[in-house]
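Below: the structure, in structure tokens.
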Number of protein chains: 2
Amino acid sequence: MRASRRPGPGAHDVTRTILRGPTIAAHEPPVEPPPAARTGRRVPARRPTMKDIARRAGVSESAVSFALNDRPGVSETTRSRVRRVADQLGWRASTAARALSGEGAATVGLVLARPASSLGIESFFLQLVSGIQEVLSERHLGLLFRVVAGAEEECAVYRRWWAEQRVDGVIVVDPRIGDPRPALLDSLGLPAVVVGGREVDREPQEPVPYPVISTVRVDDAAAMGAIVEHLAGLGHRRVVHVAGLAGLAHTTRRVASLRAGAASLGMSAVRSVTTDYSEGQGAEATRLALAGPEPPTAIIYDNDVMAVAGAGVALGMGLSVPRDLSVVAWEDSALCRATHPRLTALDRDATAFGRRAAEELVGLLGGRPARDVAQPTPELVVRDSTAPPLRG
Amino acid sequence: MRASRRPGPGAHDVTRTILRGPTIAAHEPPVEPPPAARTGRRVPARRPTMKDIARRAGVSESAVSFALNDRPGVSETTRSRVRRVADQLGWRASTAARALSGEGAATVGLVLARPASSLGIESFFLQLVSGIQEVLSERHLGLLFRVVAGAEEECAVYRRWWAEQRVDGVIVVDPRIGDPRPALLDSLGLPAVVVGGREVDREPQEPVPYPVISTVRVDDAAAMGAIVEHLAGLGHRRVVHVAGLAGLAHTTRRVASLRAGAASLGMSAVRSVTTDYSEGQGAEATRLALAGPEPPTAIIYDNDVMAVAGAGVALGMGLSVPRDLSVVAWEDSALCRATHPRLTALDRDATAFGRRAAEELVGLLGGRPARDVAQPTPELVVRDSTAPPLRG
DNA sequence: CTGAAAGCGCTTACAG
DNA sequence: CTGAAAGCGCTTACAG
């Protein structure tokens, strides 16, 4: 606690010493200790306001506002004096007051619509959030975070946030087939960045469909292409893709890309099965695939946890990875490096992804027009879980 | 978009139909379409305010406020009419305006001070957050979320949030030795719940040291006791504890509990080494321990990722888990169930933990006095990674 | 360059 | 039971 913030009997002297300069001291009214300081009872600090600054600096409140917001209309001397007093008091503009004055809430929203049980699993999200934060915190924007069970609830949250004036914009994840969110956000006029591309890929020359909604795309096709090429190069011809949620746009894209890639490389049997991303369904899908009539020699998993679970199932069935089964994880993480053998994985750099999304949203909030930006294609990190198949 | 929110030419009729009743219709001024509706250009929706409700319901703004906040001073008929109009318009109180009126920001803060790299790893946090959300969302409280690099930055965030009037209270995680946060939060008068106990355990009859800071305790001693008992029962006498960050209060508690438990059970050689929770340091600690002169027959890891990494190292060294080495993870997760063999782990129920913390904070915000509450002792889930040692 | 005033959307004593 | 008014802490035209 600085003395100046909770003025006690000696505070005035301290202030004077710090400010040092007769001009300033003359403007400064004597600081009176609050009643509690005399009685000795503990009081929580009172947050300083512009009025306090104005009084101390001997200028009007509007002068303070202009000075602190770098607007013309105050002399340099006044500006620097005001700034010094503000710093000294530890003043920060009340976001509530700024929001009410039409300056926006200085807050960005993020909703995760995944069942709580599968959340702990997704290291992707926490890394995404941490990337988002890097950018937001520089600009002193807050992140309002919410976990919900499903899409409708997510829409309800957006409506509420909008009505409550809580956020200036949102970052939307997990684009879906027939996604209702872009239209809703557009109708609310809530700027948004969709992480993971549009439902339908747009031609570069087309205008963005919504004027306040940008997109950060990932090239799922190229990424899947790299995986398929790697596996085909090793000689795999029977591949199973244990995909994620059926409703997600990127699931559809990955499934389609696998099919296309396999066809062009002459792979005989590829198929995708969708799951809920959980270890349980990942394990189950693996069991079914390996117990079937024509078991795959390689399995691609849409996340790291399913890949680890799947490798575990294979081991449990007496198979060796990668001798009997190659495993690829779509999502690199500590997990992939921690297991034995270490898993070949697609490295997406979720942090950079979050950073990019936040930057784009900050741009939108600053009035830049909406657009689609591409994220670098993820890189396939080849480790010990992929090798040529024993039996063709 | 409901017709009533973006009134077009036909909106008035719709409204009248929904409201149906001459009294109400008489109070309702005709809704004029905004200019944009005539020109056909898309306009973002304007959020409805109390003024809109007052006009439509034919009462004063203060009557609307009283009606909506369930305060006496309005008749039941007025109240229900006001409520209906508010619902119809999709009205929500502006949090900014409420905050400025002294009602609080309706927001709770959570700061995570961990390096971004190790964040994706900690499934604990995302589950904690999801538990916190369950409670907050019921009360329509927002969660302001922040990731920072270290303790000082965390304190700076609290100061800023307080000065900006952004949060009504915070949930504090990772209590540390010599933790500066409680004193800071106390001086700011910011209600807080510390998750994970106090730095120093308080006797039940002692008053809580800070009037607005509650604590949700976990019984690390009992948990470690259960692990030690399990291992001792299997016949292990040389145990290594790969702990987490040295500065954290619970690390200290676990280290001490291990020592105490081992002594009482006559274990010959136990020791703890601290790490940063990362897979890398977990693996390294394992390598060092196993390569040493008197290698342990069992290792306790302070999180799931290190446990998986450690098991991988053992495998890589030609050891079999659990035949040559027993492994226990302090933190159950998908990981522990996904690896092969599945890991014996301590199940903490992070979601319940988050729920409990949020409930306690909501209580504090409601004026309930601060207190320490205990969280049920975590349960040891015995799986395939622990067994009697081959060599004593 | 500076100050007095209105307004943002609420809440809350205070009169009627 | 109801309404007019002030205030929360800012921003921003608008006069001087």
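Here is the naming used below: chain letters follow the sequence lines, and residue numbers restart at 1 for every chain.
Atom CD of Gln165(A) is separated from atom P of dC10(D) by 17 Å (rounded to the nearest Å). Protein atom CD of Glu61(A) is 11 Å distant from nucleotide atom P of dG3(C), rounded to whole Å.
Using modelled atom types, no side-chain atom of Arg56(A) and backbone atom of Val85(A) make a donor-acceptor pair closer than 3.5 Å. At least one donor-acceptor pair closer than 3.5 Å links the side chain of Asp168(A) to the backbone N or O of Ala106(A).
In this structure, Ser65(B) reaches the bases: a heavy-atom distance under 4.0 Å links it to at least one base atom across the strands shown. Residue contacts shown for Arg47(A) are limited to sugar-phosphate atoms, with no base heavy atom under 4.0 Å away. Heavy atoms of Arg92(B) sit under 4.0 angstrom from primed sugar atoms or phosphate atoms, though from no base atom. The residue Gly102(A) sits apart from the nucleic acid: no heavy atom pair falls under 4.0 Å.
Of the N and O atoms on the side chains of Thr95(B) and Glu164(A), not one donor lies less than 3.5 Å from an acceptor on the other residue.
Dashed line: the shortest gap from a side-chain N or O of Ser62(A) to OP1 or OP2 of dT11(D) is not under 4.0 Å. Taking side-chain N and O atoms only, Arg71(B) has no distance below 4.0 Å to OP1 or OP2 of dT11(C). In terms of phosphate contacts, Ser101(A) brings no side-chain nitrogen or oxygen within less than 4.0 Å of OP1 or OP2 of dC10(D). In this model, the phosphate group of dT11(D) is approached by a side-chain N or O of Arg98(A) to a distance below 4.0 Å at OP1 or OP2. For dC1(C), the OP1/OP2 oxygens have no side-chain nitrogen or oxygen of Thr78(A) closer than 4.0 Å.
Nearest to the side-chain atoms of Met50(A) among the listed nucleotides dT11(D), dG9(D), dG3(D) stands dT11(D).
Pairing for dA4(D) is absent, judged as Watson-Crick or G-U wobble with the two contacts each under 3.5 Å.
Salt bridge present: Asp70(B) and Arg83(B) bring a charged side-chain N and a carboxylate O closer than 4.0 Å.
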